[in-house]
Amino acid sequence: MVDGNLSMQISSEAGRSRSRCGPRSLCETASAPRKLVRPEKMAAPDPGRYGECGPRPPARLSSRAGQEPGTVLSAVGMMDLAYVCEWEKWPKITYCPSVPLACAWSCRNLIAFTTDLRNDDQDLTRMIHILDTEHPWDVHSINSEHSEAITCLEWDQSGSRLLSADADGQIKCWSMADHLANSWESSVGSLVEGDPIVALSWLHNGVKLALHVEKSGASSFGEKFSRVKFSPSLTLFGGKPMEGWIAVTVSGLVTVSLLKPSGQVLTSTESLCRLRGRVALADIAFTGGGNIVVATADGSSMSPVQFYKVCVSVVSEKCRIDTEILPSLFMRCTTDLNRKDKFPAITHLKFLARDMSEQVLLCASSQTSSIVECWSLRKEGLPVNNIFHQISPVVGDKQPMILKWRILSATNDLDRVSAVALPKLPISLTNTDLKVASDTQFYPGLGLALAFHDGSVHIAHRLSLQTMAVFYSSSAPRSADEPAIKRPRTTGPAIHFKAMQLSWTSLALVGIDNHGKLSMLRISPSLGHPLEAKLALQHLLFLLEYCMVTGYDWWDILLHVQPGMVQSLVEKLHEEYMRQKPALQQVLSTRILAMKASLCKLSPCTVTRVCDYHTKLFLMAISSTLKSLLRPHFLNTPDKSPGDRLAEICAKITDVDIDKVMINLKTEEFVLDMNTLQALQQLLQWVGDFVLYLLASLPNQGSPLRPGHSFLRDGTSLGMLRELMVVIRIWGLLKPSCLPVYTATSDTQDSMSLLFRLLTKLWICCRDEGPASEPDEALVDECCLLPSQLLVPSLDWLPASDGLVSRLQPKQPLRLFFGRAPPLPGSTTTLQLDGLARVLGLNPLASASCPELLEPQAHSHHAQVLVEMGVSLTFCQV
């Protein structure tokens, strides 16, 4: 904001208010603030104008017996409850909501939140809980060892590290151990002793994308999602972003900790300004020039909201912090004589986006009501008296410019706001982009969430604060025209969210209420606007492509995919993928397979393909792992690696004799340690068994209901299997005990040669682009004889899903309990990947999800392989 990054044009409807620079002049006539109104009192939606679109009156839904927090779903069809997860009651210990309650949602769809564990002696243990949204009951709890209440939780951009800060000034950095989501360790941190942390953030890494919804029909992902020029907060030599975090304390200090590549932590603390004061609320944002902006408030609405620029640098191996005061503002409600003393406290202070320091959201509250205001920083001309024009003509040619906060919109009196959640989808809020969003009817990312003490949740437009959707969790939502202050008090406090977070595509909302229960809400992509089925499908496809490019998890998108959409989405996703450049296709190859597998789980017509997609993922992981073990015989070898030469030679030579293919390879590149070869035997056994299974299923052309059907026409996968057979053959010459073991009817049978010959003939039929040719009768006859020559392994795999997303399609909320897996319909027929379990020596699998193929005792390298496959991390039972 101080770097000239002020290209954002604010709507001409923006109101004007006095700022800290002085009283409002007579020429600054204030326009009436926009109001947050109830759905029943809003006009019919007009898709052409944002901020004027409101939902239809809410329809009362029947409540489910025995459900408490969301017991009643009085929602507007645009926001409904997916599930509630709560703690079971224990005789001696109790999970109670922490005060304050912190919650964070990562790009991997991992949710972290805090509770206090209270025992009979009233001792409190500060707990951090981490769960996967697909398996919320499988929560992993960490004893944070924080001595005081945890005030902040913050995920990094990759979703693999978590910051926690407490009221004693201690900050801890948690990271995954062995890439497992149920194993966390804290090795680094910082401390501002005795000074509570009120705001916390990772330093910006300089990565920022822009979504071009208007180009959703473009062929290249680079046109749909472009990189925005944005400088990191701090860089190392060569321009690499430096990792670290920044925090603000209650006494007005800012502390920065930098993580050096050596593992050393550089920490520095500086006062935000010379006159330090109490900071009750604070938030942190970043500018495109690499600076940091900190907003602070002392909690009183009569005091100004202060803004500071923070610059971080490293001088002589020490962290240096420079601060500068920026223009401040007073809330509009303090200038209104009718409301001057009505809202004494500022309860929420948030920048509209972490990389958008020009816009801020403020909420002032009383005991029973609140008011919300949206402000924007503008660059305005400074009026100059005519006398200075005569003295210095240069002044008249170029008018001086100043930065000044102007109010964009404000609400009328609301119920008391209990929590605020802001979207993370990088949708710009310029007039141009808002018009594009209106023309394309793309609504995700345009709304922020407000939770109220009466239990309701509103989705309001980020700029106009107009209501876009409403959700009621109470059994008797009050009438829209009933004033909040005249509503009779209920017996006991109403259930309401104390902390909320929107997902990374803004299609889901998680809230933790004042009883410590977790609620997951779905937010419709259309937000109540009538969309054609083709356009709705196009928006979901666009968000799936965004997740594919960024590497973010797409679980929240699956919440809105209906079974009838699955086939079209998979086909269109494949078409868009094939339109990309080969280099990008190689990077995204695992992600699109994982995405197709998760989509196919949602429809009974496509569920049989899930196992094939997971098997392809596993095959790609094995292939990349085995090829990575090959080393060139001479270090000054030309550009191609042994793995690339292997693929090139196997693709060029179509001989069915495996030994003739081996002659063209440099066998010295395949030399490995004997212990390593023996450790790989189980993976090699799986490859050999899978080849035998595929060839034995060829005579009946592979039933579409049986796993492996798609492999029989997939030239790429068959070529990969052929390469692995050659590698296994060479390694078998070095150590015969690592070879796959077959049960043959003849002792003189060369099983590897036989399978390679048949596999090559099948590969030749479908290696070329275009439709695959049918295998000749001679090949089919030979494959018919395989069961009489070799014992075919039993690999009748069927995908099993123990997750929730496929069970939530009927839109009936589920009541779940932490630590107890629910008896989901169909989960009694748990079918495993028996072949994988038998060959890899694992316990029977309860899911076809790739990260669950390994036991916790497996080597960490295997866990890394699974992470590289592009599948979301899930929890392993220890």
Side-chain angles (χ1 to χ4, degrees), residues 1-11 50 107 156-159 201-233 239 241 285-293 351-360 376-377 422-448 461-463 502-507 525 535 538-554 556-557 573 576-577 579-581 584 587-588 591:
M1 102 184 168
V2 292
D3 302 272
N5 187 18
L6 295 170
S7 58
M8 177 173 298
Q9 300 297 323
I10 307 301
S11 170
Y50 267 97
C107 63
D156 71 343
Q157 190 69 19
S158 67
S201 176
W202 289 90
L203 297 180
H204 205 286
N205 58 4
V207 176
K208 181 181 179 182
L209 286 181
L211 274 67
H212 303 289
V213 186
E214 72 280 8
K215 297 181 180 179
S216 59
S219 59
S220 171
F221 286 163
E223 297 180 44
K224 301 178 185 181
F225 317 104
S226 63
R227 180 81 177 263
V228 178
K229 186 178 180 181
F230 207 90
S231 299
S233 302
F286 303 90
T287 68
N291 293 322
I292 305 169
V293 178
F351 285 105
L352 288 185
R354 277 295 163 91
D355 48 15
M356 192 182 298
S357 58
E358 299 92 352
Q359 292 171 339
V360 68
S376 177
L377 187 67
L422 296 171
K424 305 178 182 70
L425 201 63
I427 297 292
S428 175
L429 296 181
T430 62
N431 281 345
T432 303
D433 288 341
L434 288 179
K435 185 178 184 304
V436 167
S438 177
D439 294 341
T440 57
Q441 295 182 288
F442 185 83
Y443 303 105
L446 291 180
L448 55 88
H461 193 275
R462 289 165 68 180
L463 291 186
L502 282 165
S503 68
W504 284 67
T505 60
S506 299
L507 296 184
L535 186 58
Q538 183 179 345
H539 290 342
L540 291 177
L541 177 65
F542 183 75
L543 290 173
L544 286 171
E545 292 170 349
Y546 169 71
C547 290
M548 189 191 306
V549 171
T550 57
Y552 297 163
D553 189 79
W554 52 91
D556 46 335
I557 304 176
L573 201 61
E576 295 298 325
Y577 170 77
R579 294 166 71 180
Q580 309 309 310
K581 296 180 180 179
L584 183 58
V587 172
L588 303 178
R591 293 180 191 169

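Here the structure is a predicted model, which means the values were calculated and not measured.
Of all the heavy atoms in Arg462 and Ala353, the pair that sits closest is NH2-CB, 4.2 Å. Closest heavy-atom contact between Pro241 and Asn205: CG-O, 3.2 Å. The shortest heavy-atom contact between Asp156 and Trp202 is N-NE1, 3.3 Å. Looking at every heavy atom in both residues, Gly159 comes nearest to Cys107 through N-SG, 3.8 Å. Of all heavy-atom pairs between Leu540 and Pro525, the closest is CD2-CG, 4.2 Å.
Phe225 and Phe542 have their aromatic ring centers within a separation under 6.0 angstrom.
Side-chain contact between Val207 and Gln157 is absent, with no heavy-atom pair separated by less than 4.5 Å. A heavy-atom distance below 4.5 Å is not found between the side chains of Leu425 and Leu502.
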(request) Start with the C-alpha distance between Tyr546 and Tyr552, add both sets of side-chain angles, then the distance that settles side chain to side chain contact (heavy atoms under 4.5 Å, CB included), and finish with yes or no. (result) CA-CA 8 Å; Tyr546 169 71; Tyr552 297 163; 3.5 Å; yes

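Using cut-offs of 30° and 60° on the angle between ring planes, the pair Phe230 and His204 is tilted. Using cut-offs of 30° and 60° for the angle between ring planes, the Phe442 and His539 rings count as perpendicular.
In terms of the salt bridge (charged side-chain N to carboxylate O under 4.0 Å, His left out) criterion, Arg227 has no residue partners (sequence neighbours excluded). Residues that satisfy the salt bridge (charged side-chain N to carboxylate O under 4.0 Å, His left out) test with Lys224, not counting sequence neighbours, are Glu545, Glu576.
Side-chain atoms of His461 come within 3.5 Å of backbone atoms of Leu463 as a donor-acceptor pair (strictly under, hydrogens ignored). The backbone N or O of Gly288 lies less than 3.5 Å from a partner atom in the side chain of Ser231, making a donor-acceptor pair. In this structure, the side chain of Arg591 does not engage the main chain of Cys547 through any donor-acceptor pair within 3.5 Å. Within the 3.5 Å criterion, the main-chain N or O of Ser219 finds a donor-acceptor partner in the side chain of Gln580.
Note that CZ of Phe351 and CE of Met356 are 12.0 Å apart. Values are rounded to the nearest 0.5 Å.
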